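Every chain is numbered from 1 and lettered A, B, ... according to where its sequence line falls, protein lines coming before strand lines. Given the structure is predicted, the values throughout are model-derived calculations rather than measurements. Any value given below was found using the heavy atoms of this structure, including those in side chains, with hydrogens, waters and symmetry copies removed.
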Amino acid sequence: MKKVYNSAAEALEGVLFDGMMIAAGGFGLCGIPENLIEGIRDAGTKNLTVASNNAGVDDFGLGILLQDKQVKKMLSSYVGENAEFMRQYLSGELEIEFNPQGTLAERMRAGGAGIPGFYTKTGVGTVIAEGKEHKDFNGETYIMEEGIVADLSIVKAWKGDRAGNLIYRKTARNFNPNAATCGKICIAEVEELLPTGALDPDLIHTPGIFVHRIFEGGHEKRIEQRTVREG
Amino acid sequence: MKKVYNSAAEALEGVLFDGMMIAAGGFGLCGIPENLIEGIRDAGTKNLTVASNNAGVDDFGLGILLQDKQVKKMLSSYVGENAEFMRQYLSGELEIEFNPQGTLAERMRAGGAGIPGFYTKTGVGTVIAEGKEHKDFNGETYIMEEGIVADLSIVKAWKGDRAGNLIYRKTARNFNPNAATCGKICIAEVEELLPTGALDPDLIHTPGIFVHRIFEGGHEKRIEQRTVREG
Amino acid sequence: MAWDRNQMAERAGRELKDGMYVNLGIGIPTLVSNYIPEGVDVTLQSENGMLGMGPFPKEDEIDADLINAGKQTITELHRTSYFSSADSFAMIRGGKIAMAILGAMEVAENGDLANWMIPGKLIKGMGGAMDLVAGVGRVIVIMDHTNKKGESKLLKACTLPLTGAGVVDEIITNLGVFKVVEGGLEVIEIADGVTIDEIRQMTDATLVN
Amino acid sequence: MAWDRNQMAERAGRELKDGMYVNLGIGIPTLVSNYIPEGVDVTLQSENGMLGMGPFPKEDEIDADLINAGKQTITELHRTSYFSSADSFAMIRGGKIAMAILGAMEVAENGDLANWMIPGKLIKGMGGAMDLVAGVGRVIVIMDHTNKKGESKLLKACTLPLTGAGVVDEIITNLGVFKVVEGGLEVIEIADGVTIDEIRQMTDATLVN
């Protein structure tokens with residue numbers, strides 16, 4: 001069973017369609033599937049619904065799909081870094097469903113785990129709770145949130161093997177393991193693709209069962225806020 | 001903040017009380033917190049409710065708490081290896097709440113994650129679903145299961161550090177990471193206790209935030225079914 | 001004269017397709033791993049937290065930290081990964097496992113499955129079976145066609161507490177292969193030396209052909 | 001003459017207890033890490049997936065894979081561990097984080113908190129703030145007592161969309177420290193050179209003392 005592809009374009013072949021829902025890993029510009037985002041930009045797929053914590057910046061990450069008006073709707077928790085996003089949103093060109101960050105992560109995890117709904121205290125008493133089912137447990141009120149199942153999930157890992165096993169590095173892990181589980185198809189781009197058996201089985205973050213296609217790609221890894229100390 | 005103790009007895013000091021609920025890691029006799037179970041036996045705590053996939057065998061693992069009649073109720077998925085368990089159960093001395101294995105694991109995970117309830121297809125149309133809330137999502141029926149929050153969780157890891165970070169080995173991981181999260185207090189026993197900084201931060205299975213007390217102990221690691229092939 | 005355990009396992013092996021992730025139950029299903037067809041690459045899941053289950057160990061390879069869901073010592077492969085029980089059943093419940101091959105006490109013609117308890121007599125627990133039948137893509141049962149008393153285990157309706165309702169897709173017995181279809185079971189294969197009349201005689205469930 | 005940002009952060013630092021796991025928000029709360037009292041061992045959580053957050057890197061230590069929830073480059077410590085976003089918020093929602101110290105646009109006397117949007121004007125999103133205030137043991141807000149127009153940010157009721165209802169335990173402003181109690185806010189400390197009358201004048205919320 002071949003999982004290995006040579007490029008984002010090859011790996012995306014046959015899986016994209018207008019109006020689809022995509023779940024993307026990454027936090028800010030950290031650990032984002034740069035190559036796959038560019039591949040989707042190049043493919044020109046339209047009317048996308050994208051579940052991703054952030055929307056990149058204007059000219060990098062998911063921002064490039066916004067610039068090309070390929071995105072109809074975002075499910076995100078924070079979009080403060082993206083001026084184009086704001087503009088499209090405030091002018092009504094773009095829909096957004098704000099999800100608290102932990103709720104978004106858990107919704108991806110739940111969708112991948114066959115859990116269609118779960119209860120959380122997050123957002124009770126706020127606009128997030130409007131229209132959602134409320135239920136009391138032990139005298140406290142919770143709201144129900146639904147699992148996300150995406151048509152495609154796109155993730156970025158540090159190392160991967162030919163069986164699709166993935167390992168992430170530092171805070172570039174973030175939403176990637178959760179997004180990986182919730183796609184009907186999951187494509188992973190890695191900095192280093194290794195032979196099967198090169199990764200320690202105890203230390204694999206995403207088992208290959210979740211990953212349908214994998215390829216090695218170069219990564220710019222742009223830094224959003226370069227903060228340093230003296231010394 | 002001191003997390004390191006010298007023995008099971010020391011680590012259990014002040015946390016045990018009659019009628020408490022304990023969540024235990026382990027699958028069969030693999031990856032069970034041997035020393036902590038013996039410590040609880042020695043402490044003589046009574047009327048325990050224990051959430052654990054299995055109940056050990058008659059003279060090892062949780063079986064030794066059953067022999068001493070310390071357990072009032074078990075939440076388990078499979079107890080076929082334990083004759084004493086069967087005897088106590090069939091004679092009405094012991095209560096059991098059968099949980100499908102995945103439901104039990106997810107209930108522990110949910111309890112630790114602040115999720116009081118979640119929906120699953122597992123058990124729909126069986127006795128497991130009786131008395132539970134049913135809800136339809138996308139035309140399929142699911143039942144609600146509740147998160148487990150235990151008074152104490154006891155787990156066994158391979159390596160740990162003084163900050164409580166844990167790494168498990170092979171299939172001895174099993175329920176341990178999930179049980180670790182769902183105890184109001186979690187005590188971990190490890191084969192090897194290392195200085196903080198000895199574990200790769202990318203490869204820690206259970207972050208130290210979940211572990212309140214930790215100690216190094218010897219482990220018999222009994223094998224239930226020694227199956228071999230020729231050669 | 002009907003299939004033996006190994007022939008049943010071999011027949012089940014032919015259901016495996018390249019690239020599948022599969023969960024094999026305890027007993028005859030475990031034997032299926034000996035009959036994975038040439039050129040078919042299958043990854044075995046063990047629900048206690050492992051993908052890529054290898055064969056039993058040699059004596060000097062035995063590792064107490066490495067067992068399958070039947071608590072038997074096993075080995076790992078190059079592709080192996082380990083994970084927690086919650087993560088293991090997340091992939092099962094989430095539909096990532098293409099197929100489970102399980103044993104059974106009873107199967108009903110509507111796909112109901114009973115394999116976890118006999119009230120008042122045998123109560124071992126369902127283990128991961130309820131999660132598997134609810135979550136995986138396809139459920140195949142391997143079992144003897146009749147019980148020790150010679151009574152059909154393929155029934156119009158199960159008499160024992162269910163493991164799952166309407167979950168079985170196909171049943172492989174020592175007498176043949178049966179598909180759960182609208183209206184009952186369809187005989188899709190007959191074991192060598194067995195006749196359809198013998199099957200009819202030994203089957204309580206409605207056969208549609 | 002009232003506290004500056006660093007004095008507010010220092011005052012917040014005194015709320016930290018040995019062994020605590022703490023989440024610090026963006027802005028003044030981030031400064032609190034400079035004022036962890038001597039002998040108090042605190043582990044900082046960054047909700048993008050890290051426990052044990054270290055200081056900003058030196059120029060040659062910068063790592064694009066290592067940022068905090070404010071997207072700033074940071075460093076790791078000996079005790080550091082990394083995990084996924086779902087696992088990160090599992091520990092937040094599960095009550096494992098003892099305290100969050102956050103900024104705010106408005107706080108109401110009943111503990112309501114607004115810090116994520118101004119309708120029609122500023123809509124950045126709530127990030128992890130809603131999860132934090134719902135999940136952690138104790139929520140402390142650090143903010144200026146008044147907005148740019150000189151109006152009280154401690155209100156009888158919030159006017160902006162809430163981040164959480166009844167979630168704030170304590171507020172540290174440039175004028176003092178306020179505890180959310182039955183009936184309103186209790187002044188528990190007054191900044192150097194500030195009088196209780198000045199506070200009364202500049203506070204819309206009910207002060208119980």
Side-chain angles (χ1 to χ4, degrees), chain B residues 1-4 23 105-118 146-151 153 157 159-168 177-186 188 193-214, chain D residues 16-23 36-54 63 65-68 74-100 128 130-137 164 167:
Chain B
M1 186 72 173
K2 175 186 131 86
K3 289 192 177 186
V4 177
E106 188 67 19
R107 290 185 66 193
M108 290 185 186
R109 193 245 170 219
I115 293 173
F118 61 89
E146 297 191 1
I148 291 173
V149 177
D151 296 303
S153 59
K159 295 179 181 176
D161 71 17
R162 301 178 70 86
N165 294 306
L166 304 178
I167 288 180
Y168 308 93
N178 313 122
T181 67
C182 80
K184 289 175 197 161
I185 292 177
C186 170
L193 184 62
L194 300 163
T196 302
L199 303 176
D200 182 338
D202 271 330
L203 307 176
I204 287 165
H205 296 134
T206 295
I209 190 172
F210 294 107
V211 178
H212 300 83
R213 301 180 179 193
I214 188 169
Chain D
L16 303 173
K17 305 282 172 264
D18 192 40
M20 268 190 179
Y21 293 86
V22 175
N23 185 294
I36 298 171
E38 188 79 20
V40 170
D41 184 29
V42 164
T43 304
L44 300 180
Q45 203 242 20
S46 189
E47 67 265 30
N48 52 321
M50 179 184 198
L51 269 171
M53 184 166 59
D63 185 335
D65 290 338
L66 184 41
I67 64 168
N68 65 17
I74 47 159
T75 55
E76 65 184 28
L77 304 170
H78 270 330
R79 75 184 64 180
T80 297
S81 58
Y82 300 104
F83 32 82
S84 73
S85 296
D87 286 348
S88 179
F89 285 91
M91 66 182 72
I92 289 169
R93 214 187 296 103
K96 313 295 176 181
I97 307 287
M99 188 187 286
M130 282 194 183
D131 308 277
L132 281 161
V133 299
V136 304
V167 294

field: Considering all heavy atoms, the nearest B:G112-D:K96 contact
entry: O-CE, 3.8 Å

- request: Kindly compute the distance separating CG (D:D41) from NZ (B:K2), expressed to the nearest 0.5 Å.
  value: 14.5 Å

query: What's the shortest heavy-atom distance between D:A86 and B:R109, and which atoms?
result: O-NH2, 4.1 Å

task: Can you measure from CD (D:Q45) to CD1 (B:I209) and round to the nearest 0.5 angstrom?
output: 6.0 Å

- prompt: Under a 4.5 Å heavy-atom cut-off, does chain D meet the side chain of B:R162, its backbone, both or neither?
  reply: neither

task: For chain B, find which of D:T80, D:L77, D:V40 contributes the most heavy-atom pairs closer than 4.5 angstrom.
output: D:T80

message: Looking at D:Y82, is its backbone amide N or carbonyl O close enough to the side chain of B:D202 to form a donor-acceptor pair, meaning the two atoms are under 3.5 Å apart?
response: no

Closest non-hydrogen atom pair between B:P207 and D:M91, with its separation: CG-CE, 4.1 Å

message: So which residue, B:A113, B:G114, B:A110, ends up with the most heavy-atom pairs under 4.5 Å with chain D?
response: B:A113

query: Looking only at heavy atoms, which two atoms of B:N165 and D:R79 are closest? And how far apart?
result: ND2-O, 3.2 Å

- line: Given B:T196, B:D200, B:I204, the one with more heavy-atom pairs under 4.5 angstrom with chain D than any other is B:T196

